[in-house]
Amino acid sequence: MTPATAQGLDAVILDYNGVIGLQPTTDQWLRLAHTALWPEDLPAFQNARSAYDAGQLSDLAYWATVLGHHPGSRRLRELRDADTAMWTSTDDHVVEILEGAHASGLPLVLLSNAPRHLSDVLDRHPWRRLMSHAFYLARLQVCKPDPAAYQHAMNATGAADPDRVLFVDDRADNCLPARRLGLRILHYTGRPTDLAAALQSPN
């Protein structure tokens, strides 16, 4: 019996952005919007990507929609690379906590709303080895908070009891469906100590 199992957890399902990955800064968003020649309405620019993250739009289709015209191969590559670069910085404190959990034998599963190109990049990062499975929802063609996304991750954990699986996400609206499915939840607000405590909690 591993320490994690003794403490009442059989597995953990984690979001990437806002948990493992650091949120892009406003300046980064503004630079990308400026590169895309988007008007000054930053929230609209941020919200326009939901179909892209869900895999419903290709890189070309997404950026053509944003720009209002075909970007051309060079411009598309510049936009895609600038966008991807915003999402690849990680929180070293969180990664350290997950390294400890992994070493204890606790299965870790990634469940992330991420476009295809970004998911390919993330798969090459060192922290990815900590995950027994990684579900990027653009590949699944379904996004959180759709219950089907959580079920994919839950099935991959191999856990029989959802109450022994912890779901961690920085968005409250993504945590609610997990709670309805019977999983424990941690609405992560940027404090690694909260994650460490949740992994150690016997309840």
Side-chain angles (χ1 to χ4, degrees), residues 1-23 53-55 87-114 118-203:
M1 181 179 293
T2 67
T5 301
Q7 291 161 1
L9 283 179
D10 289 342
V12 181
I13 301 170
L14 299 121
D15 180 36
Y16 170 72
N17 185 50
V19 180
I20 301 170
L22 297 173
Q23 291 279 13
D53 290 340
W87 306 99
T88 54
S89 296
T90 55
D91 187 326
D92 292 341
H93 298 293
V94 170
V95 172
E96 183 178 359
I97 291 167
L98 296 181
E99 286 174 343
H102 175 74
S104 78
L106 182 63
L108 306 175
V109 173
L110 187 73
L111 185 65
S112 173
N113 289 357
L118 176 58
S119 66
D120 293 339
V121 172
L122 294 179
D123 269 344
R124 296 194 291 270
H125 277 239
W127 60 264
R128 170 61 180 83
R129 66 175 175 77
L130 303 174
M131 305 294 148
S132 59
H133 297 82
F135 294 102
Y136 302 103
L137 300 179
R139 298 176 183 174
L140 293 177
Q141 298 282 298
V142 62
C143 260
K144 295 176 291 187
D146 188 319
Y150 304 84
Q151 196 61 57
H152 276 288
M154 181 63 195
N155 291 345
T157 68
D161 184 356
D163 188 51
R164 293 179 62 87
V165 177
L166 175 67
F167 175 77
V168 185
D169 200 294
D170 68 316
R171 292 181 49 169
D173 57 332
N174 285 339
C175 290
L176 290 175
R179 187 193 294 275
R180 293 190 192 104
L181 289 172
L183 282 75
R184 303 186 199 182
I185 64 166
L186 171 62
H187 177 208
Y188 186 73
T189 58
R191 296 184 299 186
T193 52
D194 291 346
L195 176 60
L199 294 179
Q200 295 168 3
S201 174
N203 298 314

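Values below: every heavy atom of this structure, side chains too, minus hydrogens, waters and symmetry copies.
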All heavy atoms of Leu130 vs all of Glu99, minimum pair found to be CD1-CG, 3.8 Å
Give a yes or no on whether the backbone of Asp170 and the side-chain of His187 come within a donor-acceptor separation of less than 3.5 Å. yes
Side chain to side chain, Asp163 and Arg184, heavy atoms closer than 4.5 Å: yes
Should Leu122 and Tyr136 count as side-chain neighbours, where that means a heavy-atom distance under 4.5 Å? yes
Ala153 and Phe135: which non-hydrogen atoms are nearest, and at how many Å? CA-CE1, 3.9 Å
Look up atom CD1 in Ile185 and atom CZ in Arg180, then write down how far apart they are to the nearest 0.5 Å. 10.0 Å
When rounded to the nearest 0.5 Å, the distance separating CD1 of Ile20 from OG of Ser89 is 13.5 Å
Correct closest heavy-atom pair for Asn174 and Phe167 would be O-CE2, 3.4 Å
Look up atom OG1 in Thr90 and atom NE2 in His125, then write down how far apart they are to the nearest 0.5 Å. 7.5 Å
Looking at Asp173 and Arg171, is any side-chain nitrogen of the basic one under 4.0 Å from a carboxylate oxygen of the acidic one? yes
Closest non-hydrogen contact found for Ala114 with Ala138 is O-CB, 3.0 Å
Distance in Å, Leu183 CG paired with Leu186 CG, rounded so as to fall on 0.5 Å steps: 12.5 Å
What pair of heavy atoms forms the shortest contact from Asp15 to Lys144, and how long is it? OD1-NZ, 2.9 Å
Can you sort out the partners of Arg124 under salt bridge (charged side-chain N to carboxylate O under 4.0 Å, His left out), two or more places apart, ordered by chain and number? none
Is there a side-chain contact between Trp127 and Leu108 in this structure, where contact means two heavy atoms from C-beta onward sitting under 4.5 Å apart? no
Hey, are the side chains of Tyr150 and Ile13 touching, using non-hydrogen atoms and a 4.5 Å cut-off? no
Please check if the number of heavy atoms outside Arg191 that lie under 6.0 Å from its CZ is greater than 12. no
Can you measure from NE2 (His152) to CG (Asp146) and round to the nearest 0.5 angstrom? 8.5 Å
Main-chain N/O of Trp87 paired with Tyr16 side-chain donor or acceptor, under 3.5 Å: yes
Would you please name every residue forming a salt bridge (charged side-chain N to carboxylate O under 4.0 Å, His left out) with Arg139, sequence neighbours left out? Asp120, Asp123
Go through Met131 and Leu98 one step at a time and tell me if the side chain to side chain contact (heavy atoms under 4.5 Å, CB included) criterion holds. CA-CA 9 Å; Met131 305 294 148; Leu98 296 181; 4.0 Å; yes
Taking every heavy atom of Asp169 against every heavy atom of Cys175, the minimum-distance pair comes out as O-SG, 3.8 Å
Nearest 0.5 Å, what's the CG-CG distance between Leu176 and Leu181? 11.5 Å
Taking the side chain as every heavy atom from C-beta outward, state whether Thr88 and Leu118 have any atom pair closer than 4.5 Å. yes
What I'd like to find out is whether the side chain of Asp10 reaches to under 4.5 Å of the side chain of Thr157, using heavy atoms alone. no
